[in-house]
Amino acid sequence: MANAKGNPVSTRRLQLVWSIKREPVAVIRVAFATTDRVRVNQHFGAAEGFAIYDVVPDKATLVGVAEFADELMDGNEGKLSAKVDFLDGCNAVYVTAIGASAIKQLTARGIQPIRINEVDHVDVLLHDIALAMSEGGVSWIDRAIAAQAKSRSDDRFAAMEEEGWEG
């Protein structure tokens with residue numbers, strides 16, 4: 001190809017990184033015990049609601065919201081099962097307080113309970129999670145990413161096994 005003066009023209013191509021559709025390396029699913037979806041302001045056992053987000057290093061997406069009826073705090077262990085069931089598949093849940101029974105049920109499902117101060121805003125926490133996904137150093141996030149990588153690797157080898165080995 002030549003320009004108007006007959007000189008060769010090199011071909012250049014521009015592709016914006018954000019326009020390339022790629023599956024994220026990992027997705028962290030995290031829940032917040034909240035009444036207003038703005039700040040974490042609920043004890044796990046008495047939580048009136050939860051907001052669940054999927055977080056990747058550059059964004060967070062709201063994927064679920066639940067509201068629960070007011071329940072007594074003490075002596076009502078059955079109230080936990082609906083909340084734990086709703087959080088199934090989450091990597092962590094942020095709360096202002098949590099009892100030992102709830103901690104046991106959550107950790108049995110692989111959900112990390114995280115106790116924080118009432119003043120913590122959901123947007124700030126989401127930013128911190130996304131940053132930790134990029135930089136590492138937060139143990140529960142590092143474990144969740146490692147588990148997802150192992151799962152993808154196991155899936156790849158299972159698919160190869162189904163195809164058969166012919167050589």
Side-chain angles (χ1 to χ4, degrees), residues 18 20-156 158-159:
W18 57 266
I20 300 171
K21 298 260 183 201
R22 284 186 284 182
E23 186 176 319
V25 174
V27 176
I28 299 293
R29 181 161 283 186
V30 63
F32 301 94
T34 179
T35 57
D36 58 11
R37 288 185 245 159
V38 173
R39 58 199 160 90
V40 176
N41 60 358
Q42 295 279 282
H43 180 290
F44 183 84
E48 296 172 19
F50 290 96
I52 297 178
Y53 289 82
D54 280 349
V55 184
V56 295
D58 59 347
K59 72 177 181 174
T61 305
L62 180 67
V63 295
V65 175
E67 293 181 357
F68 297 93
D70 288 338
E71 298 194 51
L72 296 174
M73 288 285 287
D74 295 327
N76 187 4
E77 292 303 312
K79 72 181 178 296
L80 297 178
S81 63
K83 293 172 183 173
V84 173
D85 288 345
F86 177 72
L87 300 177
D88 196 38
C90 288
N91 299 105
V93 59
Y94 285 77
V95 299
T96 58
I98 188 167
S101 179
I103 291 171
K104 184 177 180 180
Q105 290 180 46
L106 289 167
T107 55
R109 295 219 192 168
I111 303 169
Q112 175 70 50
I114 301 170
R115 186 180 171 281
I116 59 170
N117 297 323
E118 187 173 330
V119 297
D120 291 335
H121 289 276
V122 171
D123 287 344
V124 171
L125 295 167
L126 290 168
H127 177 267
D128 292 347
I129 293 165
L131 187 62
M133 289 178 74
S134 298
E135 295 180 359
V138 177
S139 61
W140 72 266
I141 293 174
D142 293 343
R143 283 192 308 269
I145 292 171
Q148 288 181 30
K150 183 182 181 323
S151 177
R152 279 194 305 276
S153 176
D154 291 347
D155 291 345
R156 183 174 61 98

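Computed from heavy atoms alone, side chains included, the values below leave out hydrogens, waters and symmetry copies.
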Pair L126-V30, side chain to side chain contact (heavy atoms under 4.5 Å, CB included): steps then yes or no: CA-CA 9 Å; L126 290 168; V30 63; 4.1 Å; yes
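- Expressed to the nearest 0.5 Å, how far CD1 of I145 lies from CD1 of I28 amounts to 5.0 Å.
- For the pair V95/H43, no side-chain contact is recorded, criterion being any heavy-atom separation below 4.5 Å from C-beta on.
- The aromatic rings of F50 and F44 sit tilted relative to each other, their planes meeting at an angle between 30° and 60°.
- Closest of all the heavy-atom pairs between A26 and P57 is O-CD, 4.4 Å.
- When all heavy atoms of V40 and T96 are compared, the pair lying nearest together is O-CG2, 3.7 Å.
- To the nearest 0.5 Å, the span separating CG on N91 from CD on Q112 amounts to 10.0 Å.
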Evaluation steps, side chain to side chain contact (heavy atoms under 4.5 Å, CB included), between T34 and R37: CA-CA 6 Å; T34 179; R37 288 185 245 159; 4.3 Å; yes
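- Between F86 atom CZ and E67 atom CD the span is 10.0 Å, to the nearest 0.5 Å.
- Residues I111 and P113 share a closest heavy-atom pair of O-CD, 3.1 Å.
- Scanning all heavy atoms of the two residues, the minimum distance from I52 to C90 falls at CD1-SG, 3.8 Å.
- The two residues A130 and V56 come nearest to each other via the heavy atoms CB-O, 3.7 Å.
- Look at R115 and D120 and you find no salt bridge, because none of the NZ, NE, NH1 or NH2 atoms lies under 4.0 Å from a carboxylate O.
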Steps toward side chain to side chain contact (heavy atoms under 4.5 Å, CB included) verdict (K83, V93): CA-CA 11 Å; K83 293 172 183 173; V93 59; over 6 Å; no
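- From I116, atom CD1 reaches atom CG of N41 across 9.5 Å, with rounding to the nearest 0.5 Å.
- Between V122 and Y94 the shortest side-chain heavy-atom distance does not fall below 4.5 Å.
- Separation of atoms CG (D128) and CG (D123) is listed at 11.0 Å; rounding is to 0.5 Å.
- Annotation: side chain of I114 is in contact with side chain of W140 (closest heavy-atom distance under 4.5 Å).
- Summarising the geometry, atom CZ belonging to R29 is positioned 10.0 Å from atom CD belonging to Q148; distances are rounded to the nearest 0.5 Å.
- The minimum heavy-atom distance between M133 and I141, with the atom names listed, is CG-CG2, 3.9 Å.
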